[in-house]
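So that the names make sense, note that chain A is the first sequence line, chain B the second, and so on, each numbered from 1. Quantities reported herein were computed from a predicted structural model and do not represent experimental measurements.
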Amino acid sequence: MSATYSTHAYTPGLRVCWCTSVRKERRLPLPGEVLVRRGQTVSQDQIVARTEVPGEVQIVNAASLLEIEPEELERCMLKKVGEMVEKDEIIAFRKGFFGLTKKYVKSPIRGKIEYFSGTTGNVSIRAEPTKIEIDAYIPGNVVETLSNEAVVIETKVALIEGIFGIGGERKGEIYIGVEDPSKEISPENVNERCRGKIVVGGSTASFEAIKRAIDFGARGLIVGGLEFKQIKEILGYEIGVAITGHENLPLTIILTEGFGRLEMAKKTFNILKTFEGYNASINGATQIRAGVIRPEIIIPLQKDECREEAEILSSSLRPGTKVRVIRHPYFGCLGKVVDLPIEIDCVEAECQVRVAVVELQDGRRVKVPRANIELFDW
Amino acid sequence: MQLTLMPQQNIENLRLILATDVGSTTTKARLFKKMENGEYRFISSGEAPTTVEKPFEDVTVGLKNAIREIEELSGYKLLAESTETSILMPFNGRDAGVDLYVSTSSAGGGLQMIVAGVVKTMTTESSERAALGAGAIIMDSLSIDDGIPLHKKIEKLRFLRPDMILLAGGTDGGTKTHVLEMAEVIRAAEPKPRFGVSYRLPVVFAGNKVAAPDVVSMLSEKFFVKVTENIRPVLEIENVEPARNIIHEIFMEHVMSHAPGYEKLVRLVSVPVMPTPAGEGKMMRTIAEAYGINVLGVGLGGATTNIYSVYEGKFVRSVSANLGMSYSIGNVLKSAGVKSIVRWLPFEINESELYDRIGNKMIRPTTIPQTLEDLLIEHAIAREAIRLGFQHHKSLARELKGVHRERTISDVFEQEVKETYIDMKKINMIIGTGGLLSHTPRRQQAALILIDAFQAEGVVRLTVDSAFMMPHLGVLSTVHPRAALDVLEKDCLVRLGTAVVFSGTSEKDKIIGKVQLKTESETYSLDVKYGELYCIPIGLNVKANLQAKPENDFDVGAGKGKTVTATLEGGVVGVIIDGRGRPLALPEEADERKRLLLNWFRAIKAYPLKVGGET
């Protein structure tokens, strides 16, 4: 009568590497103009493409303001479709009883008459388009330009993928705010030196420390974990689904491990510490569903700083593989796989699952559903 | 949706049928076979991650992997030797090929729509029902009378990326001003389609037919406009079917064709691909029609909660796009509130700890509960997700607004406007599907979740989908209804049992009624105490005659104090006698509440209880 949970063996882990090549697509929201060419070297802040987004529309019920029937609107219009109008310029006019009264309709914005209707009596005016420019985000070579919509930039970097973030793209120098990845960054350690920087904490940060980071003008904060409840304190509202990146926050926050107080993985911390003072590009945007996007910390490197390493994520799960447990009761523990029994096993919750036997860093050997571990090079 | 049905002789000759559901995370393949006695049975299944994302960006890669698993398990060769995914057809009568291949899909977020109408409680509500019935997720709904200024409406719409817009409003021949005003809003906002910047966003117009030419001329420059019959031709009639059919057609032709690899999938199938919820809904309707009963169903997924009702012939589907057990689990916490979740837990847990566990499930959605505590937390959240989803459903499953009715004398006394036309005492069957409900370690858990979440009443059968095949059977039923029903009967629906619920309130431990159940070999009699739950072990395919005599203040479906006699069927759980009263109230006092929950779990052997020191 019990059912078997389907498990896809394990979750591919997050990438944490000393050196890798990344390609970043910089795409305009609407077709526009690409300003760089293939093969060109670009800097982090260089504008690579731009476009214009159609302006907002205001609809005015002109017929009712003129106190006429909608079908009479056309003869009262002073402006034609496509004509530019200034804010408060009269666009429609009617003389009243024997010319004693005059009724006007003024444009609420500067823009173009887009449309007027003899059925609804409305006039719509579209504001001037808004210019949108996108920068390179990372320095590197333009390896592809996609017609008039996007460019792809490639460069060698140290890369850390977080698990959850809030806030969008930010650039700044890396600043280490704790001695040890297991330590919480205290409010006292957040000071004037953090201005314009991407601050690295350890296991977690209090609300007070985050507030100080904002006050001191830090551009980013990277920690192992934060309490889920704290997100509400920071944003003023609760997050229901993990689709983030557009929060109106003065700094971007990235969690490398998850929710709760969680020691930052040593390798993650060591990479950040090694490259302290380097300029990094970070983005808190997270999307777990349909088109997974993880928050990222990208540290561009010079060629001679790059030491290639075998990517653990491309290998499969086998005895000896380094993993991280991602579910209670061993949540956040790091360890090595020691056995992968073929038989379906039954865990405490009575779920029938495939398990892995993992030796944790503290020496304990534990049985964990394979769905609850991810490959992680610690 | 107009399907190309095969000639009758071909349908009866279908020997091996492959059905798949390309879900948002997993592609699920099922194989059905016609047995020697002519009956269709489910014989094998395979699953693989959906490959809509990089590096594959082609759904047929995941499809191939799922079918490959079936090949390995069943021994049938189903895939042709080629680099492209290709299905061997027809069945060679021995070990290779299938006679029919059908599929549903919700990959890439399914069908996402905006609906717009004139009057919120009339045309907009009808539009919502049409879109939801077609299997869509509603991103936003707008009405002329929703209190939002026109420019704000435009602002809202501008940045949405829907697959389609449904515009309705006005009765045929009535005023067209308001619906044209809404068309102006759409034109001004010019929302862009989700897939591809170059294609024109489809707008289905199902409003006042007199306004149709104006709508076409206003919108066709920027949108792909399709006109269909009015959804509310007159106030008294709701005509959603034509709009639903057009939505399906456009979904196939315009939306799906822009998702990665779909053009290949479309070439493989024998009949058009259906949105997954439409397949699931089709099967719920088939069940209700086949048995002639009122059905309530839930598809509890990772991202969404779909509720279906087929009540006195009326079919309604609602989708709560942000209530689910993994991706959207944080939203259940946000919408229900932490206290509503904690009330279902028989152990103490620090609130922050609970928040963190839920947050971590949200960001690592494929993990599964290892500990009993974690399982109980997920089941508590499931109750709340279904409860909230059902609340939303009831707001759609209600009588048409704006209809002139003759009032009787009883209406004069009935001041309240009914929340819904669904009377829980008249629901004959509750069906659960989705990962959590299909895979509960003990079936008792699914039974109790369904009873608690829906607050079942009267005498109601409880069933769950054994292995996630309702969508598959839904699309199959459009070609071969009997094959779909055969598999449904024999392999899909797990009969959990029947619940007999005493509605009313009383004092704890007071006798609220008597129950007698007689099978061919046994007679069970019991005095039902208020606040207690009982499980009588009447097994699968065993019938029992029920006589339930409630006390004066209690109702088992026939009215207060009225005896109910019925023939029931048992199931893998049995017959559950629910004396906990309705509405089901849990004590405020934590220890008392935990004790009560443990009693209930113990009564139906729902969990291996070792929670909070209890054994």
Side-chain angles (χ1 to χ4, degrees), chain A residues 1-8 11 29-31 54 56-59 61 70 114-115 117 119-122 124 126 149 163-164 225 227-229 231 238-242 255 258-260 286 288-292 326-331 346-353 368-369 371-372 374, chain B residues 24 26 47-49 52-53 108-109 150-151 154-155 158 176-177 180-181 184-185 187-190 192 197 214 218 303 322 327-328 330-331 333-335 351-353 355-375 438-443 466 572 608:
Chain A
M1 110 170 139
S2 63
T4 305
Y5 264 82
S6 65
T7 64
H8 299 115
T11 319
L30 289 172
E56 63 170 280
V57 169
Q58 289 273 348
I59 293 181
N61 195 313
E114 187 172 73
Y115 177 82
S117 164
T119 310
T120 61
N122 286 343
S124 64
R126 190 178 289 274
E149 281 178 48
I163 182 73
F164 181 81
E227 281 185 13
F228 190 35
K229 278 178 96 172
I231 303 293
E238 272 180 68
I239 281 193
V241 284
L255 315 185
F259 291 111
T286 309
I288 308 290
R289 190 187 171 194
V292 179
I326 52 174
R327 181 96 192 213
H328 187 73
Y330 307 109
F331 182 79
C346 183
V347 293
E348 184 199 304
E350 292 185 337
C351 302
Q352 305 284 323
V353 290
V368 186
N372 293 358
E374 65 181 11
Chain B
S24 54
T26 311
E47 297 192 359
V52 77
E53 319 298 347
L150 284 184
H151 71 279
I154 296 169
E155 217 174 284
R158 275 186 89 187
K176 55 183 186 177
T177 313
L180 290 182
E181 206 159 87
E184 280 173 358
V185 169
R187 180 193 150 105
E190 220 186 310
K192 295 280 178 289
V197 281
D214 297 308
M218 196 187 291
N322 280 328
Y327 302 107
S328 317
N331 225 45
L333 171 67
K334 184 179 165 184
S335 309
E351 211 176 271
S352 283
E353 164 80 13
Y355 263 89
D356 288 347
R357 286 203 207 177
I358 295 172
N360 284 319
K361 170 79 181 184
M362 176 181 79
I363 54 178
R364 282 166 166 128
T366 55
T367 59
I368 55 177
Q370 174 167 1
T371 62
L372 187 54
E373 260 189 26
D374 256 15
L375 184 77
S438 290
H439 294 316
T440 50
R442 298 187 188 190
R443 297 289 191 198
S466 66
V572 293

With side chains defined as the heavy atoms from C-beta onward, is the minimum distance between A/Gln352 and B/Pro441 less than 4.5 Å? no
Under a 3.5 Å cutoff, is there a donor and acceptor pairing between the side chains of B/Glu184 and A/Ser124? no
Close side-chain approach of A/Ile239 and B/Met362, heavy atoms under 4.5 Å: yes
One pair to check against side-chain contact (heavy atoms from CB on, under 4.5 Å): B/Arg357 and A/Phe228. What are the steps and the verdict? CA-CA 9 Å; B/Arg357 286 203 207 177; A/Phe228 190 35; over 6 Å; no
Please give me the minimum heavy-atom distance between A/Thr120 and B/Thr177, naming the atom from each residue. CG2-O, 3.3 Å
Check each atom of B/Leu150 against the heavy atoms of chain A and say whether the ones under 4.5 Å are side chain, backbone, both or neither. side chain
Step by step, would you call A/Val57 with B/Glu190 a side-chain contact (heavy atoms from CB on, under 4.5 Å)? CA-CA 10 Å; A/Val57 169; B/Glu190 220 186 310; over 6 Å; no
Report yes if the side chains of A/His328 and B/Glu353 come closer than 4.5 Å at any heavy-atom pair, otherwise no. yes
For the CD atom of B/Glu181 and the OG1 atom of A/Thr119, what is their distance to the nearest 0.5 Å? 11.0 Å
Closest heavy-atom pair and its distance - A/Glu114, B/Arg187: O-NH2, 3.7 Å
Close side-chain approach of A/Ile326 to B/Asn360, heavy-atom, < 4.5 Å: no
Looking at side-chain heavy atoms only, is the closest gap between B/His439 and A/Cys351 below 4.5 Å? no
Can you find a pair of side-chain heavy atoms, one from A/Glu348 and one from B/Leu375, that are under 4.5 Å apart? no
Closest non-hydrogen atom pair between A/Gly260 and B/Asp356, with its separation: CA-OD2, 3.3 Å
Contact winner vs chain B - A/Phe164, A/Phe259, A/Phe331, A/Tyr330, heavy-atom pairs under 4.5 Å: A/Phe259
Kindly give the heavy-atom pair with the smallest separation between B/Ala188 and A/Arg126, and that separation in Å. O-NH2, 2.7 Å
With side-chain contact (heavy atoms from CB on, under 4.5 Å) as the criterion, how do B/Arg364 and A/Ile163 come out once you've worked through the C-alpha distance, each side chain's angles and the decisive distance to 0.1 Å? CA-CA 9 Å; B/Arg364 282 166 166 128; A/Ile163 182 73; 3.7 Å; yes
State, to 0.1 Å, how close B/Thr371 and A/Pro329 come at their nearest heavy-atom pair, and which atoms those are. CG2-CD, 3.6 Å
Check whether B/Ile363 gets within reach of chain A through its side chain, its backbone, both or neither, counting any heavy atom under 4.5 Å. both
Set out, in order, the CA-CA distance, both residues' side-chain angles and the distance that settles side-chain contact (heavy atoms from CB on, under 4.5 Å) for A/Lys229 and B/Glu351, then state yes or no. CA-CA 9 Å; A/Lys229 278 178 96 172; B/Glu351 211 176 271; 3.0 Å; yes
Below 4.5 Å, heavy-atom pairs only: which of B/Leu180, B/Ile154, B/Asp374 has the largest tally toward chain A? B/Asp374
